[in-house]
Amino acid sequence: MAELINTILINNKKVEVENIQHDITLLDWLRNYHKLTGTKEGCAEGDCGACSVIIEDNGSGSSRPINACLVRLGQVIGSSVTTIEGLGCDKNPHPLQVAFTKEHASQCGYCTPGFIISGISLLNSNKKITDDTINDAISGNLCRCTGYSPIIKAIKSVSNEKIAKNNNQTINKNKKINFGNVTYFKPSNLKELKNYLNDVKDFQFLAGGTDLNLHRPIINQKEDKIICLDSIKELNSIKHFKEKIEFGGAVTIENFLEAIRFKMPELIEILQRFGSPQIRNQGTIGGNLCTSSPIGDIAPILLVLNSNLKVFGRNGFKKINIKNFFKGYRKNILKKDEIISSLELPIANKKNKIFSWKLSKRYDQDISTISLAINIRIQNNIIKELHMAAGGVAATPKLLDKLCKQMLEKHLDDSIEFAIYNLDKFIQPISDLRGSGFYRLEAMRGLLRRLQICLSQNKKSLSIMEV
Ligand SMILES: Cc1cc2nc3c(=O)[nH]c(=O)nc-3n(C[C@H](O)[C@H](O)[C@H](O)COP(=O)(O)OP(=O)(O)OC[C@H]3O[C@@H](n4cnc5c(N)ncnc54)[C@H](O)[C@@H]3O)c2cc1C
Ligand code: FES
Ligand code: FES
């Protein structure tokens, strides 16, 4: 079958992607090939939000802000992208642009396009406009000179300003895209994926790219074959059952958060502090587990809930428990041709209490220094059931099962004192740029004390912001 021309809808205009000789980010393509220089580059690592654009997948109807610096052009073929130039211009500015001027919400202006994109994405969503939703919407945008109050004021002053949606132009969705030496394969279901697994050799899986694209060579020197997982329909499904929710491996962190908002509200704070909306809209739960980082935020939660993962490969499906998934620093048990196709989030027993805390250098938009997830049942102040898992204290996310065993059937206060004084026998965290081993041990002791306060005062959680 003849290959279709690669197209992207940019600000509602169909653009053919031609003469791309090497792998390139969406940001570089917008700026260097189309002179859409309103979209800025600050950090090129997903941390500052200067490169924010709005993306709408063809046909999905949902639009979301993402960081253009962390997306390869091959990932967005067939999508609709709105840049700051698509929202308004000097002669006809968008009301939010006018509000930024009125409220003095911009000084040097470098960050302003990114803030406007984040603000408009919020105004365009179904969320209520409150201080909390505005703070969350701009948590991935950094401003070094204006200060945030005028920015928040400007967003608050404009409501109900929806942007025009993609005008239903159909955009080609190629299954195979070549940019120089790089080939992207885009299966739309697991059957097509299986065919690629049989035919393509030496490939790399790519989901959201918020981890992998940090390491990419911009100008590719070697042959590169990338199998994209985000377009596989089974990997995007969310199925609700009485005792669990089953998530496809390519469900984004943001969709994961929204699906459990009311069923497991104890987990919302840590998920809302996962990167920024731009990162959560792009990063996936499968990708988070497969980076196998000791400080990934999802693994400790799944470990204390005893989650099962479904793995798919050339030979079909197999099921494994999350406890058997991690093998060493950034290593897991998956073979080169295997993916996490889905994972189960068991709904905790009503008698149990769930806590999930993260300590990081910054409150928002930062990776954990340490984290702790807890699933506990107490009766008359005696611990009857306890599962704790920690991030940032070992080479892999660590289930503290030996410690938990020793805390069982004891009075809560005695158990916590025992854990605090003996913690160094169960974890020996290393020192790195995020914190020393000593800090991590002491901070973990602090979280155990926090658990004691929450349980004895019957608090659902104790946010670091309350402290
Ligand atoms: C600015 C910034 C902030 C961040 N903040 C946080 C944070 O607060 N907490 C946190 O935990 N992480 C954070 N991260 C890390 C990252 O965003 C997450 O780990 C994210 O979930 C990775 O998912 P992805 O889909 O983008 O993975 P990708 O980059 O697409 O893939 C990562 C790896 O996993 C493999 N892979 C992906 N999906 C699958 C699958 N289904 N099966 C098999 N292999 C697969 C890929 O081949 C690749 O090796 C942050 C990253 C950035 C850049
Ligand atoms: S340039 Fe900083 S997030 Fe993209
Ligand atoms: S206005 Fe200068 S960085 Fe925000």
Side-chain angles (χ1 to χ4, degrees), residues 25-27 39-53 66-72 75 100 104-115 140-148 150-151 193 203-216 226-230 232 235 247-253 256 270-276 278-301 309-313 330 332 334-343 358 360 362 364-368 371 391-392 397:
T25 61
L26 172 62
L27 176 64
T39 309
K40 306 293 183 206
E41 178 175 295
C43 62
E45 291 192 341
D47 283 314
C48 75
C51 64
S52 302
V53 297
I66 58 161
N67 294 129
C69 70
L70 277 188
V71 179
R72 301 181 194 220
Q75 286 178 268
F100 263 60
H104 308 289
S106 176
Q107 285 189 29
C108 80
Y110 201 78
C111 68
T112 309
F115 273 99
N141 295 83
L142 287 185
C143 176
R144 303 296 296 269
C145 46
T146 301
Y148 290 78
I151 295 173
L193 173 67
F203 53 80
Q204 175 74 51
F205 290 124
L206 178 71
T210 59
D211 185 77
L212 199 69
N213 290 351
L214 284 172
H215 315 289
R216 80 194 170 269
I226 293 165
I227 300 187
C228 297
L229 300 177
D230 60 336
I232 298 178
L235 265 59
F247 293 92
V251 167
T252 61
I253 306 292
F256 179 69
I270 192 164
L271 292 174
Q272 216 140 28
R273 289 178 57 202
F274 190 118
S276 59
Q278 290 91 324
I279 294 290
R280 297 198 297 270
N281 282 328
Q282 194 63 25
T284 64
I285 48 176
N288 193 252
L289 294 182
C290 291
T291 63
S292 301
S293 161
I295 47 173
D297 283 335
I298 305 288
I301 297 170
L309 313 176
K310 226 187 229 175
V311 171
F312 179 82
R330 284 193 165 255
N332 59 54
L334 293 182
K335 298 199 185 103
K336 188 84 187 102
D337 69 332
E338 288 179 335
I339 60 160
I340 294 184
S341 58
S342 66
L343 60 87
K358 139 176 188 172
S360 52
R362 264 174 36 197
D364 278 316
Q365 171 72 320
D366 202 2
I367 290 172
S368 301
S371 65

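One-based numbering, in listed order, for ligands and for the atoms of each. Values below: every heavy atom of this structure, side chains too, minus hydrogens, waters and symmetry copies.
- Contact atoms of ligand 3 toward G109: 1 (S), 2 (Fe) (distance under 4.0 Å to a heavy atom of the residue).
- Put simply, C51 gets within reach of atom 4 (Fe) of ligand 2, with an N, O or S atom under 2.8 Å from it.
- If you take CD on Q272 and CZ on F274, they are separated by 13.0 Å, rounding to the nearest 0.5 Å.
- Of all protein heavy atoms, the one lying nearest to atom 2 (C) of ligand 1 is I279 CD1, 3.7 Å.
- The angle C111:SG - atom 4 (Fe) of ligand 3 - C143:SG amounts to 100°, with values rounded to 10 degrees.
- Ligand 1 has no nitrogen or oxygen under 3.5 angstrom from a nitrogen or oxygen of L214.
- Between SG of C108 and SG of C145, the angle at atom 2 (Fe) of ligand 3 works out to 110°, rounded to 10 degrees.
- At a 4.0 Å heavy-atom cut-off, ligand 1 touches L229 through the side chain alone.
- At least one test fails for K336 against the ring of F205: distance under 6.0 Å to the centre or angle within 45° of the axis.
- Under 4.0 angstrom from ligand 1, the non-hydrogen atoms of N288 come from both its backbone and its side chain.
- A salt bridge links D211 with R330: at least one charged nitrogen is closer than 4.0 Å to a carboxylate oxygen.
- Counting atoms of ligand 1 from 1 in the listed order, those under 4.0 Å from a heavy atom of L334 are 43 (C).
- Protein heavy atoms are found inside the 4.0 Å sphere centred on atom 37 (C) of ligand 1.
- Using bins of under 30°, 30° to 60° and over 60° for the plane-to-plane angle, the ring pair F100/F115 lands in the tilted bin.
- In this structure, the protein non-hydrogen atom closest to atom 49 (O) of ligand 1 is Q204 NE2, 3.5 Å.
- At a heavy-atom cutoff of 4.0 Å, ligand 1 is contacted by the side chain of K358 but not by its backbone.
- Among all protein heavy atoms, the one lying closest to atom 12 (N) of ligand 1 is F274 CZ, 3.3 Å.
- Among protein heavy atoms, the minimum distance from atom 3 (S) of ligand 3 is reached at R144 N, 3.2 Å.
- Looking at A207 next to ligand 1, an N or O pair under 3.5 Å apart turns up.
- Distances between N or O atoms of G209 and those of ligand 1 include at least one value under 3.5 Å.
- When heavy-atom distances to ligand 1 are checked against a 4.0 Å cut-off, E45 comes that close only through its backbone atoms N, CA, C and O.
- Comparing S276, G275, S371 against atom 5 (N) of ligand 1, the shortest heavy-atom distance belongs to G275.
- A salt bridge links K358 with D297: the distance from a Lys NZ or Arg NE/NH1/NH2 to an Asp or Glu carboxylate oxygen falls below 4.0 Å.
- Every atom of ligand 3 with a heavy atom of T146 under 4.0 Å away is listed here by number and element: 1 (S).
- Inclusion of D211 in the set of residues having an N or O under 3.5 Å from an N or O of ligand 1 is warranted.
- When heavy-atom distances to ligand 2 are checked against a 4.0 Å cut-off, C48 comes that close through both its backbone and its side chain.
- Using a 4.0 Å cut-off to heavy atoms of D47, the atoms of ligand 1 that qualify are 1 (C).
- Taking 4.0 Å as the cut-off, L235 does not count as a neighbour of ligand 1 on heavy-atom distance.
- In this structure, the protein non-hydrogen atom closest to atom 31 (O) of ligand 1 is L212 CB, 4.3 Å.
- By the criterion of a heavy-atom distance under 4.0 Å, neither the backbone nor the side chain of L27 is placed next to ligand 2.
- The line from OG of S276 to CG of L142 is 9.5 Å long, rounded to the nearest 0.5 Å.
- Looking at ligand 1, you'll find an N or O of T284 within less than 3.5 Å of one of its N or O atoms.
- Under 4.0 angstrom from ligand 1, the non-hydrogen atoms of L70 all belong to its side chain.
- Taking backbone and side-chain atoms together, C69 has an N/O/S atom less than 2.8 Å away from atom 4 (Fe) of ligand 2.
- If you check the side chains of S52 and Q278, you find a donor sitting under 3.5 Å from an acceptor.
- Taking distance alone, with nitrogen or oxygen atoms compared against 3.5 Å, F205 approaches ligand 1 more closely than that limit.
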